[in-house]
There are 2 protein chains.
Amino acid sequence: MLSKKSQYAFKALTYLADKFDEGPVLISEIAKKKRIPLKFLENILLELKKAGILESKKGKGGGYFLKKDPSKINVADVIRLVNGPIAMLPCVSLYFYERCKNCDEKSCGLHDMMIEVRDASLQILENRTLKDLLV
Amino acid sequence: MLSKKSQYAFKALTYLADKFDEGPVLISEIAKKKRIPLKFLENILLELKKAGILESKKGKGGGYFLKKDPSKINVADVIRLVNGPIAMLPCVSLYFYERCKNCDEKSCGLHDMMIEVRDASLQILENRTLKDLLV
DNA sequence: CTAAAAGTCCACCGAGTTGGTAGGGTAATC
DNA sequence: GATTACCCTACCAACTCGGTGGACTTTTAG
């Protein structure tokens, strides 16, 4: 399951994608409209900014906004950034790989199955952007 | 990601599947061969017994063993039991469904995408049993 | 030019869960 | 009586989900 943080991140990002090119949006506005705890959201947006997905402006008329076009922001990337691995096991993760203790990957049925699951998920997630999430 | 608990559960179950019909296997043997913390494994096996997947026998010659044939034990069921939902969001889970706050499921792009991911994963997991994990 | 207002930025705190370690006691079986 | 599952309690470290308080920066009003 995606963490609450990830779920909030997606709600905030789709909200900002919807308002792309309308200038900065207040944290408080996003929090209110999307029912996200304000202070928690603050941290999430800051993290997304540090990762280069968002940009912010301080002072009056400030707020957060997408740094790139919604069609350029990949869903899989956002998940990896906020939530971590997409794979169900460390030993089948592409970006967070860790070797399995006491388990030969060449002869591990679980390993093989989880690679299938990973690829099936990535097939979908890698080919979707924030733009696709808007209806 | 699957929890450590789930990973240990699968290691233990495949070990027991491999020794199916060889009589009870000691917790300590599984722990040693699969490098699982003994006390942690104790709890996991007990939980699997209570769920009807394993059976146990006390005293000398005792231990744990599969209650059903490995080909009758579904991978998806094991994951749901030990790890929880397979879906990435509560609002797209079949067995652990929870409605999304402030989000109309009929017009939520995230919702639709996550259903696709869920179905792709289930397509694989629902059609695999413990027997398939043995090589 | 200065001060207040508007916002982000940031450090820390607290409860709850996860993943352990350690110990011991009870009940069943050989 | 030895063996083994079963079932407590207590403790610890790390992480997640949230909240609090306040410092910092930019804009605007006077």
Checking side chain to side chain contact (heavy atoms under 4.5 Å, CB included) between B:Lys5 and each of B:Ile44, B:Leu41, B:Asn83, which is the one that passes? B:Ile44

Can you measure A:Leu41 atom CG to C:dG7 atom P for me and round it to whole angstrom units? 15 Å

Phosphate contact (C:dC10 OP1 or OP2) by A:Lys50 side-chain N/O below 4.0 Å: yes

Quick one: on DNA chain D, does A:Ser6 or A:Lys57 contact a more 5' nucleotide (nearest heavy atom)? A:Ser6

Options C:dC9, C:dG7, D:dA5, nucleotide nearest the side-chain atoms of A:Lys39: C:dC9

Along DNA chain C (nearest heavy atom to each residue), the more 5'-positioned of B:Pro37 and A:Asn43: A:Asn43

Looking for any heavy atom pair under 4.0 Å, which part of the strands does A:Leu45 touch: base, sugar-phosphate only, or nothing? nothing

Nearest-neighbour nucleotide for the A:Lys4 side chain, D:dG18, D:dT16, C:dC10 considered: D:dG18

At 4.0 Å (heavy atoms only), tell me whether B:Ser28 reaches a base, stays on the sugar-phosphate, or touches nothing. nothing

Answer yes or no: is there an ion pair linking B:Arg80 with B:Asp77, defined by an N-O contact shorter than 4.0 Å? yes

Does a nitrogen or oxygen in the side chain of B:Lys60 sit under 4.0 Å from OP1 or OP2 of C:dA28? no

Start at the 5' end of DNA chain D and walk down; is the nucleotide closest to B:Ile27 or to A:Lys58 reached first? B:Ile27

Are a donor atom and an acceptor atom from the side chains of A:Asn74 and A:Thr129 found within less than 3.5 Å of each other? no

side-chain N/O A:Tyr8 vs D:dC17 OP1/OP2, d < 4.0 Å: no

So, the side chain of A:Ser6 versus the backbone of A:Leu2: is there a donor-acceptor pair under 3.5 Å, distance only? no

